[in-house]
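What's counted below: heavy atoms across the whole structure, side chains too, no hydrogens, waters or symmetry copies. Below, chains carry the letters A, B, ... as their sequence lines are ordered, and counting in each starts from 1.
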Protein chains: 2
Amino acid sequence: MDANEAARQRGRPERISREVILATALEIIDRDGIDGLSIRRLGQALGRDPMALYRYAPNKAALLDGVAEVVLDQLNVDIPNGDWTDQLRTIAHSFRNLAHAHPHVVPLLVTRPLATPLALRPLGTLRPLEGILALLTRAGFSPPDALHIYRSFLGFLNGHILNELQELVDNPDESDALLRLGLHRLPIREFPLLRSLAPVLAGYDGATELDRGLDILIAGLQTRLPHPTSQASGHSHRGRPAVCVSDGGGFMGWGSAPRSTW
Amino acid sequence: MDANEAARQRGRPERISREVILATALEIIDRDGIDGLSIRRLGQALGRDPMALYRYAPNKAALLDGVAEVVLDQLNVDIPNGDWTDQLRTIAHSFRNLAHAHPHVVPLLVTRPLATPLALRPLGTLRPLEGILALLTRAGFSPPDALHIYRSFLGFLNGHILNELQELVDNPDESDALLRLGLHRLPIREFPLLRSLAPVLAGYDGATELDRGLDILIAGLQTRLPHPTSQASGHSHRGRPAVCVSDGGGFMGWGSAPRSTW
DNA sequence: AGTGTAGGTCTACAGTGAAGACCTACACTA
DNA sequence: TAGTGTAGGTCTTCACTGTAGACCTACACT
């Protein structure tokens with residue numbers, strides 16, 4: 001980009017790029033939430049006239065799509081080792097981490113693609129899909145099966161993330177479970193179970209919860225599908241029981257939650 | 001409400017109610033999408049000064065929450081017959097139908113609760129939760145287990161709905177699969193699998209796809225949990241194999257999709 | 001008869017996304 | 001080297017948004 005360099009050295013006010021725009025847009029959203037992002041504020045943050053941004057995105061909507069894409073691009077789907085179940089687990093947790101790194105973007109991530117039909121979506125959005133399909137077919141599944149698995153998997157994943165974010169209370173310092181969740185506001189007759197579950201709800205840990213969901217999902221997959229011969233991925237340990245629980249402390253050393261009955 | 005009646009008979013311009021407001025708001029959203037709803041337009045649709053609405057909702061956000069609540073209230077969670085798996089399936093499909101009846105509300109449904117912590121949410125939003133917990137404990141699960149199942153179940157459900165809505169192409173009359181999905185825009189080297197799956201993608205049917213996901217999920221649940229003794233629900237047919245596929249035509253007689261390998 | 005108040009209206013304000021005209025500095029061609 | 005097309009940037013402007021605040025008004029109740 002010597003053109004860019006040259007432009008900067010002379011009078012021009014330092015060229016701007018789509019990437020920079022999207023990056024600062026992401027910053028603003030991370031800081032102030034989605035409603036905190038307006039074209040004018042973005043322009044201000046960039047030291048540019050707001051209208052300048054329209055050279056890089058036709059819409060504000062397109063801009064938001066861009067932000068979603070940027071975030072989704074950070075999801076690495078090529079996991080080198082482990083069998084397909086491990087790989088799915090790893091992907092799931094990276095996705096979770098991503099969501100936690102940019103919680104305000106999650107609604108975007110989950111909702112925005114609604115607007116455009118699959119094949120018209122930006123390539124970045126489709127890459128994870130292709131990647132997971134590759135992963136699964138490499139493991140021995142047929143492409144159509146891989147597609148179905150992908151759908152169930154990512155559906156569950158999206159759902160879990162949304163659920164988990166809903167569980168995040170805004171006042172996490174509040175100690176007493178009942179008070180903290182404000183469950184005492186609920187009438188006891190109508191919500192006996194929910195109220196009785198206050199301690200469990202209070203001790204919610206997203207990572208282990210995700211692992212449990214994955215246990216269920218993967219167990220389901222293994223009962224319903226002929227075990228694929230995973231020759232591509234180095235050491236395939238198929239002897240592993242389908243019911244293996246995520247070992248102890250969860251994925252990346254998060255504190256372990258109060259263990260429930262199963 | 002004789003006060004209301006009286007007021008109407010005399011000079012007052014026919015009392016308005018929260019329900020009517022939310023109902024017409026829902027109408028507008030169904031017709032014009034979420035961005036189509038503004039306070040002013042809502043006021044106009046109701047024949048009222050826009051500012052009048054603020055007597056019934058403190059915010060526009062609260063109003064949207066109200067709409068989400070109204071829709072969610074239509075979800076019936078008390079299914080009289082069948083064992084717990086059947087009941088879950090039925091609930092899943094009613095939810096799906098609901099989502100299809102109000103596709104524009106789905107982002108709201110899935111996203112809005114993020115704002116408020118669980119226990120501060122309006123009761124209507126929590127009722128399905130309590131209902132499903134009841135269902136599962138009635139079937140013999142412990143309340144904490146029921147909670148976990150609920151989370152996986154609803155997570156998956158939300159995810160599926162989002163996925164499915166994403167799959168809805170705006171140009172459904174287009175016949176040729178590849179063209180219809182515009183997959184030919186994708187570079188072949190990068191997206192071989194995705195492109196090869198064009199026909200499968202074209203033949204997408206949400207209902208059977210949902211059933212397949214449910215198959216997986218329920219199979220997973222059944223392998224991971226001690227079979228509960230469902231004494232409460234009339235005839236418990238536990239002999240049913242875990243791998244039962246939804247029989248043929250899907251839930252409510254939607255056309256069956258091209259059957260894949262499993 | 002008098003008053004408090006729920007419900008309704010009007011005006012106004014700060015802020016929004018964006019269309020359209022314009023300007024300007026560079027790249028490139030003749 | 002002069003000339004020009006154009007990508008990039010700026011300014012003005014418009015229609016529209018959510019909602020604060022003052023006000024008004026008709027009813028319910030004391």
Side-chain angles (χ1 to χ4, degrees), chain A residues 1-25 28-29 31-68 104 108 111-112 115, chain B residues 1-25 28-29 31-68 104 108 111-112 115:
Chain A
M1 292 276 168
D2 41 358
N4 199 338
E5 294 276 357
R8 182 152 47 107
Q9 283 177 1
R10 312 184 208 190
R12 275 294 172 111
E14 182 157 3
R15 187 75 148 286
I16 226 170
S17 74
R18 192 181 131 91
E19 287 82 47
V20 189
I21 294 181
L22 294 182
T24 55
I28 295 181
I29 292 183
R31 188 169 2 101
D32 306 326
I34 272 192
D35 294 335
L37 180 77
S38 76
I39 299 283
R40 303 216 223 268
R41 276 165 71 139
L42 181 51
Q44 192 179 0
L46 289 161
R48 283 292 170 300
D49 187 293
M51 281 299 116
L53 309 182
Y54 284 100
R55 299 278 160 183
Y56 300 91
N59 273 338
K60 190 191 182 181
L63 219 146
L64 292 178
D65 286 338
V67 172
H104 286 142
L108 230 58
T111 271
R112 271 280 99 200
Chain B
M1 292 274 170
D2 40 359
N4 199 338
E5 295 275 356
R8 180 151 50 105
Q9 283 176 2
R10 313 183 208 189
R12 275 296 173 108
E14 180 156 6
R15 187 74 148 286
I16 226 170
S17 74
R18 193 180 131 91
E19 287 84 45
V20 190
I21 294 181
L22 294 182
T24 54
I28 294 181
I29 292 182
R31 190 173 357 102
D32 306 326
I34 272 190
D35 294 334
L37 181 76
S38 78
I39 299 282
R40 303 215 222 266
R41 278 169 63 146
L42 182 51
Q44 192 179 1
L46 289 161
R48 283 291 169 302
D49 186 293
M51 280 301 116
L53 309 181
Y54 283 97
R55 299 280 160 183
Y56 300 90
N59 273 338
K60 191 193 180 183
L63 220 146
L64 291 178
D65 286 338
V67 171
H104 286 142
L108 231 59
T111 271
R112 271 281 101 201

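- Going from atom CG of B:Leu46 over to atom C1' of C:dG8 covers 13 Å, rounded to whole Å.
- For A:Asn59 and C:dG17, the shortest distance from a side-chain N or O to OP1 or OP2 is not below 4.0 Å.
- A distance of 13.5 Å separates CD of A:Gln44 from CD1 of A:Ile39, quoted to the nearest 0.5 Å.
- Side-chain atoms of B:His104 come within 3.5 Å of backbone atoms of B:Ile29 as a donor-acceptor pair (strictly under, hydrogens ignored).
- Contacts between residues 31-43 of chain A and DNA chain D, counted as heavy-atom distances below 4.0 Å, involve no residue at all.
- For the pair A:Met51 CE and C:dA21 P, the interatomic distance rounds to 15 Å; values are reported in whole Å.
- A:Tyr54 has no side-chain polar atom (N or O) that falls below the 4.0 Å cut-off from OP1 or OP2 of D:dG8.
- Remark: C1' of C:dA19 and NZ of A:Lys60 are 17 Å apart, rounded to the nearest angstrom.
- By the 4.5 Å heavy-atom criterion applied to side chains, A:Ile28 and A:Arg31 are counted as neighbours.
- Using a distance-only test at 3.5 Å, with no hydrogens or angles considered, a donor-acceptor pair links the side chain of B:Arg41 to the main chain of B:Gly36.
- Counting only distance, with no hydrogens or angles, the side chain of B:Thr24 and the backbone of B:Ile21 share a donor-acceptor pair below 3.5 Å.
- Atoms CD (B:Gln44) and P (C:dT9) sit 14 Å apart, rounded to a whole Å.
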DNA chain D in dot-bracket form (Watson-Crick or G-U pairs under 3.5 Å, [ ] crossing, | inter-strand) is ||||||||||||||||||||||||||||||
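- As a whole-Å value, the separation of B:Leu53 CG from C:dG8 C1' is 10 Å.
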Which side-chain N or O atoms in residues 53-67 of chain B pair as donor and acceptor under 3.5 Å with protein atoms at least two apart or in another chain?
unit_1: B:Tyr56; atom_1: OH; unit_2: B:Ile16; atom_2: O; d: 3.1
unit_1: B:Lys60; atom_1: NZ; unit_2: B:Leu37; atom_2: O; d: 2.8

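- One interatomic measurement links the two molecules: CD1 of A:Ile16 to C1' of D:dA7, which rounds to 14 Å at whole-angstrom precision.
- The distance between atom CG of A:Asp49 and atom C1' of D:dG8, rounded to the nearest whole Å, is 11 Å.
- When rounded to the nearest whole Å, the span between CZ of A:Arg55 and P of C:dA18 equals 15 Å.
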